[in-house]
Amino acid sequence: MTVSETHRAIEAVWRIEAARLIAGLARLVQDVGLAEELAQDALLIALEKWPETGVPPNPGAWLMSTAKHRAIDQLRRKERFARKQQEIGRDLEQRQHTEIEVDTGPDFGDDLLRLVFTACHPVLSTEARVALALRVLCGLTTKEIARAFLVPEPTIAQRIVRAKKTLARKQIPFEAPSGDELAARLPAVLEVVYLIFNEGYTATSGADWLRTELCDDALRLGRILAGLVPGEPEVHGLVALLEIQASRTAARTGPTGEPVLLLEQDRTRWDQLLIRRGLAALQRAEEIGAPPGPYRLQAAIAACHARARTAAETDWARIVRIYEQLSEVTPSPVVELNRAVAVSMAFGPEPALHLVDQLVAEGSLEGYHLLPSVRGDLLAKLDRPAEARAEFERAAELTANARERELLLKRAENCG
């Protein structure tokens, strides 16, 4: 294996193992920031050694063992960690020869879930909780998180740094809550899972359209939460949304990895098992009887697509009505943009373009590539090719995903 091949292998291993590695270390050292530093140190050592020795049979265990050794060294050197850190160091030393196992079961003691709840502790602002969890759970860069939040990159960087310092200063324990505390933290946790899935479903940057490992992690966390709090309709609503969206994975890319848009997908490739699971979760959410929240409403929209055997059978008028409910529950310019798409399918491009132009004038989605993308699509349908081409080219400039850029430039070219 060449050096470049080894580096690609390390990158793949890191994408898969990073979250569990940080979570396992955080349980041991009781400090999320320190756990991330130790994991990064282990990655650097792997980049130095693996090109010479080869990728080990169990790379995750190798990284964990290396990070543990680094933890012991640091804890011995730094007097400022005092008695508590010395105790952790002794505990780590006793454990370093123990076989490392990756917990993959739906258990409340799961380190990954503990990490989510720790990152979503009430001492942090909601924005900081989500940003920190996305950083330590998914290894997303500050740039990727900033795009997810539609805010400047330095703002996200400051949130993450302050969040780590706050958790350390407040000595927040690495544990999963229960009772009222669990209920208080649950909305932020659901938002974390939702954003993790979204980043996997359509990557904000890079060469790949999908990051399926993030979708898998989000689905796993969602299912765990549904088992822990079965009486919370929004948990089931979120799981329903993720299951149905994930069902389309095989149909969302072509032979060379190019994106395939929803209306052009081969629906025979949709995973019917995931669809059935999603519809069952949506039914559970509805049976609880509480007023629908944002995740349940989005799941209802996804269900409309899942129940349509062909794109032409989609009940777009119903989808418009659900988006109107969603805009009341969670007012958002992104929701309004999605509603405009549904309006175009149900009632034609002219009224939809009016809605989109209102968003353009408002300016809240400036820099969001899907705004000119949707506008370009509507202009193309209205036989205004020159304007449509300009919008698609603008959208291509704004996106950081290579696959999406190729798709948008192709659509611009097709406008003549």
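Side-chain contact, S247 with Q272: no donor N or O sits under 3.5 Å from an acceptor N or O. In this model, a donor atom of one side chain and an acceptor atom of the other lie less than 3.5 Å apart for Q298 and Y194. No side-chain donor-acceptor contact under 3.5 Å links Q358 and E362. For the residue pair E404 and H369, a side-chain donor N or O sits within less than 3.5 Å of a side-chain acceptor on the partner. Remark: the T399 side chain and the N401 side chain contain no N/O donor-acceptor pair separated by less than 3.5 Å.
Without hydrogens or angle criteria, R252 side chain to Y201 main chain gives a donor-acceptor distance under 3.5 Å. Of the possible donor and acceptor atoms, none in the side chain of R296 sits under 3.5 Å from a partner among the backbone N and O of E234. Judged by distance alone, with hydrogens and angles left aside, the side-chain atoms of T166 form a donor-acceptor pair with the main-chain N or O of R162 at under 3.5 Å. The main-chain N or O of A168 is never found under 3.5 Å from a side-chain atom of D31 such that the two would form a donor-acceptor pair.
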Open item on the list: Set out, in order, the CA-CA distance, both residues' side-chain angles and the distance that settles side chain to side chain donor-acceptor pair (under 3.5 Å) for T204 and E199, then state yes or no.
Closed with: CA-CA 6 Å; T204 55; E199 178 59 31; 3.2 Å; yes

Task: Chi angles and distances behind the side chain to side chain contact (heavy atoms under 4.5 Å, CB included) call for F174, V29 - done: CA-CA 9 Å; F174 186 72; V29 301; over 6 Å; no

Task: D217 and R211: CA distance, side-chain angles, deciding distance, salt bridge (Lys or Arg N to Asp or Glu O under 4.0 Å) verdict - done: CA-CA 11 Å; D217 271 341; R211 297 175 65 178; over 6 Å; no

Task: salt bridge (Lys or Arg N to Asp or Glu O under 4.0 Å) between E324 and R321, intermediate numbers included - done: CA-CA 5 Å; E324 289 171 351; R321 291 194 297 271; over 6 Å; no

Task: salt bridge (Lys or Arg N to Asp or Glu O under 4.0 Å) assessment of E175 paired with R27 - done: CA-CA 8 Å; E175 62 184 10; R27 173 172 51 82; over 6 Å; no

Open item on the list: Test side chain to side chain contact (heavy atoms under 4.5 Å, CB included) on H236 and L282; report intermediate values, then the result.
Closed with: CA-CA 6 Å; H236 295 296; L282 179 58; over 6 Å; no

Task: Steps toward side chain to side chain contact (heavy atoms under 4.5 Å, CB included) verdict (L241, F197) - done: CA-CA 10 Å; L241 174 63; F197 184 88; over 6 Å; no

Open item on the list: The test is salt bridge (Lys or Arg N to Asp or Glu O under 4.0 Å); show your working for K381 and D377 and say whether it passes.
Closed with: CA-CA 6 Å; K381 290 177 179 178; D377 182 69; 3.3 Å; yes

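Comment: E36 engages K164 in a salt bridge, judged by a side-chain N to carboxylate O separation of less than 4.0 angstrom. A salt bridge links R384 with E387; the closest basic N to acidic carboxylate O contact falls under 4.0 Å. Ion pair E191/R129 not flagged as a salt bridge, since none of the NZ, NE, NH1 or NH2 atoms sits closer than 4.0 Å to an Asp/Glu carboxylate oxygen. The residues R339 and E336 are annotated as salt-bridged, a charged nitrogen and a carboxylate oxygen being separated by less than 4.0 angstrom. The residues K143 and E153 are annotated as not salt-bridged, no charged nitrogen and carboxylate oxygen being separated by less than 4.0 angstrom. Salt-bridge check for D271 with R248: failed, with every basic side-chain N at 4.0 Å or more from each acidic carboxylate O.
Cation-pi check for R403 over W209 is not met; the charged atom does not lie both under 6.0 angstrom from the ring centroid and within 45 degrees of its normal.
At a threshold of 4.5 Å between non-hydrogen side-chain atoms, the residues L115 and D111 do not count as touching. Proximity of V329 to P292: side-chain heavy atoms (C-beta onward) are nowhere separated by under 4.5 Å. Between V193 and L225 the shortest side-chain heavy-atom distance falls below 4.5 Å. Side-chain atoms of E258 and E406, non-hydrogen and from C-beta on, never get closer than 4.5 Å to each other. Side-chain contact between R159 and L132: absent, with no pair of heavy atoms (C-beta onward) separated by less than 4.5 Å. Two residues are said to be in side-chain contact when any heavy atoms from C-beta on lie closer than 4.5 Å; R223 and R277 meet this criterion. Two residues are said to be in side-chain contact when any heavy atoms from C-beta on lie closer than 4.5 Å; L34 and E37 meet this criterion. Between L261 and L407, the closest side-chain pair of non-hydrogen atoms falls below 4.5 Å.
In this structure, the ring of W270 has its center no less than 6.0 angstrom from the ring center of H305.
The two residues V235 and L186 have their closest heavy-atom pair at CG2-CD2, 3.8 Å.
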